[in-house]
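The structure appears below as structure tokens.
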Amino acid sequence: MNYLEELNGPQVQAVEHTEGPLLILAGAGSGKTRVITYRIAHLINDLNVNPWNIMAITFTNKAAGEMRERVDKMIGSGADRIWVSTFHSSCARILRRYIDRIGYDTNFTIYDTDDSRQVMKEVIRKLELNPKVYKERRILSRISQLKNDMISPDEYERSASGWEEKNIARAYYMYQEIQKNNNALDFDDLLLKTVELFEQDPEVLDYYQERFRYIMVDEYQDTNTVQFAFIKLLSDKYKNICVVGDDDQSIYKFRGANIRNILEFEFVFKNTKVVKLEQNYRSTQNILNAANAVIHNNAGRKDKSLWSDQGDGDKVSFHQFANGYEEAEYVADDIGRKIREEGCRCNDFAVLYRTNAQSRLFEERFVAGNIPYKIVGGINFYSRREIKDMLAYMKTICNGLDDLATMCIINVPKRGIGITTVNKVSEYAARNGMSFYDALLDIDNISGMSRAKTKIQSFTRLIENLRDLSESVPVSMLLDMIIKSTDYVKELEEEDTPESRARIENIDELISKATIYNETSEDPSLSEFLQQVSLVADIDNVDNNAEQVLLMTLHSAKGLEFENVYLTGMEDGTFPSFMSIDDNEELEEERRLCYVGITRARKHLELTCASQRMIRGEVNYLKTSRFVKEIPREYIELDRETAHQQRQETYRTNRAERSFGGLNSLMSAGRAPKKEKHKFDLREFKVHKAENLDYAEGDRVRHVKFGAGTVQDIKDGGKDYEVTVMFDTYGIKRMFASFAKLKKL
């Protein structure tokens, strides 16, 4: 093994520093996996360390498998004794041996997501909580956050403020109690109980500290609080802890990742050696210059700059379009042209976006252009559960002949119509040669339906009413009626998890699709809309083994690289999102996400944006993303039309800033008219005070920026209501009702 010839200077430093704590700051594309495997080989081959004493730990089974394969190939004999594993697998293995020391049996069960939901459903029932308010997914998500932060049920109960937090604390306590009685652990418990075992049993901790004298952790920027505690305890005796990560690629805060773990590593582990891997082996210098320029605007980061010896390469291209349709059309046409004229392969391209809902326009353009594609880390837009549910309602309303569609939504949202009832209706329909929906209409003649009869009649009345309306209202309005009459989105809002919010975004995108259809079709109708959608949604003929353009969110793109990358939706409000613009911590995470997107490109990077974008059927006018503006002009190339639009946008922005800036300057100098010297007060603006509010004290509400919260106080301020809300994430906010536009959950 001649690593001195195969590694660069900083990589060699990282390999050879084996005693004491080591922080390897590995920039994107800097060869970190190679460093880890060479370091393991150096320990065994050159320093005669026993493979039994080495632990390499990462996050996913895939990453652990790839690391194991590399280590086995390099080490050969004895490699199987190196502990290469994920956090959860490592902890499960330890607990299988010693969990009896903290009151469990070693034959414990590991609950998956469905098991946990069943337990929580039982908890909600036993505590007599309203299941429409307390969704099991939402409570489990909160409990997972608490476990990641090592907060016990007792600790959470002591700090709980308000009736909702106290009820969640009760649910947390009972959830853990049921699991303990069943000798079961969920995924979060695997880490939590291992830390608990180490803290309570010095003998077990000492055994594993002796066992793992050399510990390496990959993707350290993604660790949470309990994972940090696990690593800290294991490495406390010999201090030979090596962590590899990139704070600039810390993008999983929503999963509990704590960026402070990497930013403060050398303060926790004394005498840490820090090695920066800044040479990038993936991208050309212009792409890296763009990435460096963007990420340097973050304050919470370790200073480093990527560089490459692969030449400057092409400048980053930037294109601004009138709307999302033109953006998608350009991307599809450009990819098609490069495949036809430049000999590129489909696998050379990736289209990246901030949220899954943005994929629809690209999917439709790729289908129209006969370009094979694949959604990575998600499913195709029209195959998503919430979209299939909405379309199933529309198909049932349209003609009621699609039995699968009707069966799909007869109990969605839940109406208490079970599988036994569905089977009886289906058998009746088959005997009488009618559709499933027609059988529902004939429910009086189906025996054994006394308990379900009222529920089925309520469902068919809903469908018949919407069917009558469908002939006179636009498709988008019909879709909105379906959503409101079924409370489909309301239930997702009450669930209030990242998954439910993403599903709402997808439904909003379907509304936008329906709105555009109404505006562009010569003779719009529900049946034609469904036909148009079915042509796009029919992707069963796509060969999964064929070369395909990859479409994915920026989160899914981490760890991947492509010759050509299209980073789309680069507008303030889309990326960064509206929710993050006024929150510095959230904005820095969005900027890190942008950095990840830029550094996926090897040779060519295109940034695209739209001046206006349709969101839930309404046109929104958006400015170019601040991330684009953070890239110096010498690294970016604009076509003539985009350059013109950018000059116009800059002019409008500067004019607005001059107007406000000039007024502020006059006021600060004391030269403003007296009537303008006072502070602005919202109560002086003209507002349209509502006669009454549709929410009251104690109700759950949602704000467009602050998210979900509980109303604590409402005062009639004369011109408007003053509302005080305790938001789950942002704490107490006081606002005027007409400006807040709070929506009751």
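On a predicted model such as this, the values are computed, not experimentally measured, just so you know. Residue indices begin at 1 and follow the sequence shown.
- Checking Thr553 against Ser556 by side-chain atom types alone, a donor-acceptor pair falls below 3.5 Å.
- Applying the salt bridge (charged side-chain N to carboxylate O under 4.0 Å, His left out) criterion to Glu590, with sequence neighbours excluded, gives Arg354.
- Remark: Asn411 pairs with Lys414, Arg415, Ile417 by the side-chain contact (heavy atoms from CB on, under 4.5 Å) rule, at least two apart or across chains.
- Applying the salt bridge (charged side-chain N to carboxylate O under 4.0 Å, His left out) criterion to Asp389, with sequence neighbours excluded, gives no partner residue.
- Using a cut-off of 4.0 Å between Lys/Arg side-chain N and Asp/Glu carboxylate O, Lys424 and Glu427 are scored as not salt-bridged.
- A salt bridge links Arg702 with Asp496; the closest basic N to acidic carboxylate O contact falls under 4.0 Å.
- Within the structure, ring pair (Phe, Tyr, Trp, His ring centres under 6.0 Å) contacts touching residues 502-533 (residues at least two apart or in different chains) are Tyr517-Phe529.
- Between the side chains of Arg384 and Ser359, at least one donor N or O lies within less than 3.5 Å of an accepting N or O.
- No side-chain N or O of Tyr437 forms a donor-acceptor pair with one of Asp403 less than 3.5 Å apart.
- Under a cutoff of 6.0 Å and an axis angle of 45°, Arg365 and Phe362 do not form a cation-pi pair.
- By the 4.0 Å N-to-carboxylate-O rule, Asp334 lies close enough to Lys338 to be salt-bridged with it.
- For Thr608, the side chain to side chain donor-acceptor pair (under 3.5 Å) partners at least two apart in sequence or on another chain are Glu327.
- Under the rule for a side-chain contact (heavy atoms from CB on, under 4.5 Å), the partners of Gln712 that lie at least two apart in sequence or sit in another chain are Thr724, Met726, Ile732.
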